[in-house]
Structure formats: C-alpha cells, structure tokens
Protein chains: 2
Amino acid sequence: MALSHIEHLARQIQAGDRRSVARGLTWIESGGQHAEALSEQLYPSTGRAHVVGITGSAGVGKSTLTRGLVRQARARGRTVGVLAIDPSSPFSGGSILGDRIRMNDLWQDDGVFIRSMATRGALGGLSHATPDAIDLLDASGKDLILVETVGVGQDEVDVMRFAQTVILVSAPGLGDDIQALKAGLVEIADVHVVNKADRDGAARTAGDLAAMVAMTPHGANDWIPPVKSAVALRDEGIDALYEEMQKHLDHLNTSGELRRRRRRTAEARVLGAAQAFLSAALRSPISQRDQVEEWFDRVVDRALTPRACARALLRRVGRDGQVGQEGRT
Amino acid sequence: MALSHIEHLARQIQAGDRRSVARGLTWIESGGQHAEALSEQLYPSTGRAHVVGITGSAGVGKSTLTRGLVRQARARGRTVGVLAIDPSSPFSGGSILGDRIRMNDLWQDDGVFIRSMATRGALGGLSHATPDAIDLLDASGKDLILVETVGVGQDEVDVMRFAQTVILVSAPGLGDDIQALKAGLVEIADVHVVNKADRDGAARTAGDLAAMVAMTPHGANDWIPPVKSAVALRDEGIDALYEEMQKHLDHLNTSGELRRRRRRTAEARVLGAAQAFLSAALRSPISQRDQVEEWFDRVVDRALTPRACARALLRRVGRDGQVGQEGRT
C-alpha cells in the first residue's frame, strides 16, 4: 500500500503537479525510506533538464541574478525549477521584504517552481538531498534547473558536481576572486559573471578573473570560460549571460563532454549512496544490527581485523537492498 | 613468497626490532597492498598500548610537552612510541636546531621510537595511515603511544578518535580557547593543559578552559576533564600531567569506558576501511573494472539508479577480499 502511494505521488510529479512536487521535495528533505523509494521511482524519467549551478560569495547578488535568468528562460517559453541552498538567500525567507515583492511574478508563474533548501547540518548534508531534489524537478518536466549555493565550504563545491554548467558570480570590491580561488570554485566555473558591474573596480575584477581563467587548466575541453558582466538589479547583461549558458550546453552536447559530466555525476552519486548506506547500517536500531554489533566486538577483541569487518559490512549492506536474496551470501 | 616476507617483517616488528618498525612504518605511509597485508598480520597483537593524543594550535608547545611526557614514561620504565603528525613539528624536521639537540637523548634511547608522518594530502589523508601506524607501534610492544597533531582541520580531530586519552594543549595569549572551541576539540579533550604557564594571562586561559569544560556535556561519563598548568620548556608540571593521564586510563578501565572507546575506534576504523575499499574500486585500472564501468554507463542512461548501483558496488567490493568466494553472490 505504501508503495502504491509512492507510485501515485511519482506519477503526479511526472505529470508536473505543483502540489505533488512540493510534497515530494519535503519528503526528500526529510530523508528516510519513503524519500529513497520516491527517488528510485523518479530516476528513470530524469536526465532531460539542463542543470545549472549558480555560486559565489555572499553579497554578490546571486539571487537577483538567478531571478533574471528565470525570466530569460520564461521569455523563451522554457519551464524552470530553482533550488536555493543558502540560508541567507531571499528565496529562503532570509530576504528583505523588497526581494519578496520583486519575486512575486515568479511565485505566481506555473512554469516556475522555486524551493529553498535549508538542510545544512542535516545527516548527509547538502550533497545527500540535493541530487534527489534536482532529479525530482527534472522528472516533473522542468527544462532548466537553477541550483543556487553560497560558495563557501566543501559541501557547496560538491553540490556543483551535479550541475552540467556552473556559473560563478563575483562582484567588485568584495575580494571574491581570492575567496573563490581558495574554495576551488574557479576551477569548476564554466561561465564567470561580474555582477554589480556599475560599481568601481568592476573592470579590475573582470580582469583578475580573466587572468585566473588563463592560468587554470581546463583539461582536454575546448571551452574557455567567458567572463561576462551584469547589473542584475537593472536586468542588464542577463540576456547575454543566458545566451552564454546556452552556448555552454551546446558545447557540452557537440563535444561529447556532456556524457563525461553525466558520468562524473553518476560516480559521485553512486559513491554518495554507498556511503549513506554504510552510515545508515551503523545508525540502525540495535535489534536490527545484532550481527554488525558482534562483528565490532570481535574487532575490539582483535579476533577480526577492521578491514575484514569492512568487507563483511560492505557485503551485508550491498545485500540488504536485494529483496529475495537474503538467503544468499 | 611476498606473504612469507611480510610475515617475517611482522614477526620482527612484534619482537620490537627498531629497523623493522621503521621499515613497516614507511610501508604504511606509502600505502598499497603490502601495507594492508602487514597491518592485517599485526592487528591481532595490538590493543595493549595506552594511546594518547596530544593536540592544540600551532605555537602552544606540543612537541616540548610531548618530549617531557616521554621522559616521565621512561623514568617509570615504560616504553614509548611517538607519532608526530604535524609538518611544523620539531619531530618532523621543521625544528630549530636547539630542539633537535634537546631531543638527542630520546633518539638514542632504545625504549623510545619517534616517527613523524607528513602524509597530509595523501590519498585517504591522515585518518587512513595513522591507525595502522599506531597499531604497528602497539604490536612492537610500546606501552605508551603519543600521537601529536596540530589541532586544525577535521582530519586532525578525526585522528583523536584513535586515542584513548586526549590531551588538549593551550597557551596564554594565543586565542587558542576560541580556536579549539571552533574545531570541536574542547568536546573531545580528556585532560587540558595550559602550557607556558609562566606567561601573562595563563590564569585567565585556565579559567576560560575550566568554564568551557563546565559547559561541555561529557555524557554518562563521570570524568570531568581537569585543567593543568605546565611550563614544558622548564619541565614544570609535566609529572602532574603524566599522573593525570594515568588517572584517566585508570578511570577508563574501572568505569568500563575503555571498552566503549575501543568500540568507537573500531567503528571508525571499519567505516574508514570500507570507504577506502570503495574509493580504491573506482580508482583501479579500467581493465579491472569493466563491470563497474558498465554499471556507471547504465546509471547515466537511467537504466540503473545510483542506489541500485551503489548496492551492487558494495557487494562487489565486499566480495573482492574473499578469496575462494568469487563464484558466489
């Protein structure tokens, strides 16, 4: 019965039903078996959307810029999902009232779905829930998915692995160039944009970024990350940024790089899932892990080595998902 | 043949042969299959030593204090192993000449083995090689193992999980209290020591630490971490610190907490080993992972979900270590 309920929700999501999308995302944020079952149901209908990561330090204007990109996409008839993973983002309610008002048009548009995720510090962190949330929006038929994160911390950088295109937002006079460099964000940026380009020092920030791009190896990939300028609050330069984002997707498609990125994403997701299963096995109620407890006791008593125990645990965790195979080793 | 060679080395280490201990540690630092096989051989003869972690910010005098503790142990007829995991530690050659000279008595003492490990940034990081290195010194018959790490970064905090007693070293006027608090070190300290206690502000630093201890929950454990003072350079307060360290071990033994800590260590080691196996499976030469490659392709093509792939990978990795079980699921 629970399964048919999940199947029903999955079908509603695939049909693009807003309420079901909202409910599904709440499940995914909470985690647990239902969330997992839902994600399993949805996965086959994912892989269509263009997933774009938007990152950069606090105060560079990521949310305003994201809003601008949403409008560009809508003007071209494309549907959009937004995941804002940033507690201080206006999308997350950490906004000044003006932001909310400026965003009203987006909240009322059926072709746009906005969700803020404030799951920092939750078990598994950002990297656990985010890919499933992206999948859900993807399965719901959104053409473009914008994932906004504040660019500090390994978690935020990791999240960008699930994007096909990464936009790194900078602004003059914030020393963001250095911060971004430290966080390893420059290496993963596909498109740079200097926002607040009407401010003093914008040309220098753009020049610094271009110099960093020139020094950064980009593999066998022919794409050289462009450095664009924008004044998001006045909607200047957003159309050009949108075009650049599209150009990057075209490049991914024609160069075969898209498949390579999807592979990288798949590896990251599989490893993430494997580690989540391992942790879950250790967190499960004692009654359900008698054998694991006994193994640990044997490790403490030096009757079993940690590595031998790890192998046994890996087999056990790998098997647990296989209904009907309980009797086999 | 290779195995008998490893068995021979293991026996030499168990007999306390210095050269073999040095060679074994070099193997373990380099990693790989030989290191793994050696650790597997040694594990059954571990679990005797008292493992003490010594941590704190740079400049608090950890190395001088460690030296003092070594001398206290030697004066009581106990043998000591020292692992210095700190690139700036005098043990690591990052010393001023005076340090080396002051340490000469230790280097010439057969009852002391000192090794600096500079494996930061290596595959698997500190937490991978350190427990095996501790085991090796333990198996070689050392009564006390001092593990010195600079208290910054998650890796250094994680390493402390392999210790039964953690000494957190502070010094006046360095703002260490705040740093240690940030790094989560105050929660894991069993004994506090304010070094350089002859300097201005020592009493305040000790007071701040005592206040933090009072605010920090220590579980069902009756042990309240004491705050000691020392001037390590003049060998003042080191005997009292040593006694406190012994008292903590006695407490662990009588309260049953020792077994609980060993369990926690075992869990951390098993999880670490499992994750290392997983990463290794993804790094192995393509020829050896055709099936894994095919699985990833199927994930990219949405024919297999990341979670199902993770289960398959876990089973495969768990099985690989089981010689003679290749034909079974």
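Lettering of chains follows the sequences in order, A, B, ..., and the numbering in each one begins at 1.
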Task: Nearest-0.5 Å distance, OG1 of residue B:T305 to CG of residue A:L42 - done: 11.5 Å

- [ ] Looking only at non-hydrogen atoms, find the nearest pair between B:A274 and A:A310 and report the distance.
- [x] N-CB, 3.6 Å

Open item on the list: Rounded at 0.5 Å granularity, tell me how far CG in B:L314 sits from CG in A:L313.
Closed with: 8.5 Å

Task: Short N-O contact, A:D297 and B:R262, less than 4.0 angstrom - done: no

Task: Separation of A:D132 CG from B:R307 CZ (nearest 0.5 Å) - done: 4.5 Å

Open item on the list: Within the structure provided, determine whether A:V317 and B:R311 are in side-chain contact (heavy-atom separation under 4.5 Å).
Closed with: yes

- [ ] With a 4.5 Å cut-off on heavy-atom pairs, point out which of A:A276, A:G272, A:A266 contacts chain B the most.
- [x] A:A266

Task: Any donor-acceptor pair under 3.5 Å from A:R269 side chain to B:P306 backbone - done: no

Task: Any B:Y43 side-chain heavy atom under 4.5 Å of A:V299 side chain - done: yes

TODO: Tell me, with the steps shown, if B:E293 and A:R263 meet side chain to side chain contact (heavy atoms under 4.5 Å, CB included).
DONE: CA-CA 9 Å; B:E293 290 292 310; A:R263 266 299 284 272; 2.5 Å; yes

Task: Distance in Å, B:C309 SG paired with A:E267 CD, rounded so as to fall on 0.5 Å steps - done: 9.0 Å

Task: Student check: side-chain heavy atoms of A:R259 and B:V300 closer than 4.5 Å - done: yes

Task: Test item: A:T46 and B:R302 side chains (from C-beta on) under 4.5 Å apart, heavy atoms - done: yes

